[in-house]
Amino acid sequence: MAKQKEAQKLIANNKKAYHDYFIEETYEAGVALHGTEVKSLRMGKCSIKESFIRIENGEVFVYGMHVSPYEKGNIFNKDPLRVKKLLLHKYEINKLGGQVAEKGYTLVPLQVYFKEGKVKVEIGLARGKKLYDKREDIAKKDARREMEREFKDQNR
């Protein structure tokens, strides 16, 4: 019997990370959240544009992940920019920690989504792009867009 594909509901996407970094590997991590934060995420109120990830004392934390306060949460709401702990296996944390320390990689959040009712964050092991790499990507994207436009015009 084939396993069904899990339904994933995307909450937030970090397009800027793909522009600023070469993504080498991706990992899926859970997030330690409070109840009102989960309710806010269900409404799609999350931003990870300016966020980054650090490994401290064998634990992984995401900084700058903005989860808007839940409207009906009153006193139970937490600080929208509080540091949130990411849940990974110990061997994954050790592997990531070694690569970040040695090779000059960094960790960036790529997506926040629901998977089987739980909030997950896709983490990218990333290497920074130089300015000329970014320009090259923009030129490729423009060329592809131009080709699609010409193809569309031909098929009318």
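The first residue in the sequence is number 1, and the count goes up from there.
Taken to the nearest 0.5 Å, the OH atom of Tyr27 stands 4.5 Å off from the CG atom of Leu96. How far CZ of Arg144 is from NZ of Lys140: 11.5 Å, rounded to the nearest 0.5 Å. The CG atom of Leu41 sits 5.5 Å away from atom CE of Met65, with the distance rounded to the nearest 0.5 Å. In this structure, CD on Glu59 lies 9.5 Å from CG on Leu87, to the nearest 0.5 angstrom. The CZ atom of Phe22 sits 11.0 Å away from the OH atom of Tyr105 when rounded to the nearest 0.5 Å. If you take OG on Ser47 and CD1 on Ile11, they are separated by 12.5 Å, rounding to the nearest 0.5 Å.
Taking each heavy atom of Cys46 and Ala12 in turn, the nearest pair found is O-CB, 3.8 Å. Among all heavy-atom pairs drawn from Ile123 and Ala29, the shortest one is CD1-CB, 3.8 Å. Counting all heavy atoms, side chain and backbone alike, Leu110 lies closest to Asn13 at O-OD1, 3.2 Å.
A salt bridge links Glu146 and Arg149; the closest N-O separation between the charged side-chain nitrogens and carboxylate oxygens is under 4.0 Å. With respect to the salt-bridge test (charged N to carboxylate O, under 4.0 angstrom), the residues Lys103 and Glu24 do not qualify.
Each of Lys120, Glu28, Lys9 was evaluated against Tyr113; a single residue qualifies, Glu28, per the side chain to side chain donor-acceptor pair (under 3.5 Å) test.
Through side-chain heavy atoms spaced under 4.5 Å, either directly or across other Ile, Leu, Val, Met, Phe, Trp or Tyr residues, Phe52 is tied to Phe61, Tyr63, Val83.
No more than 12 heavy-atom neighbours from other residues, nucleotides or ligands sit within 6.0 angstrom of CD on Glu50.
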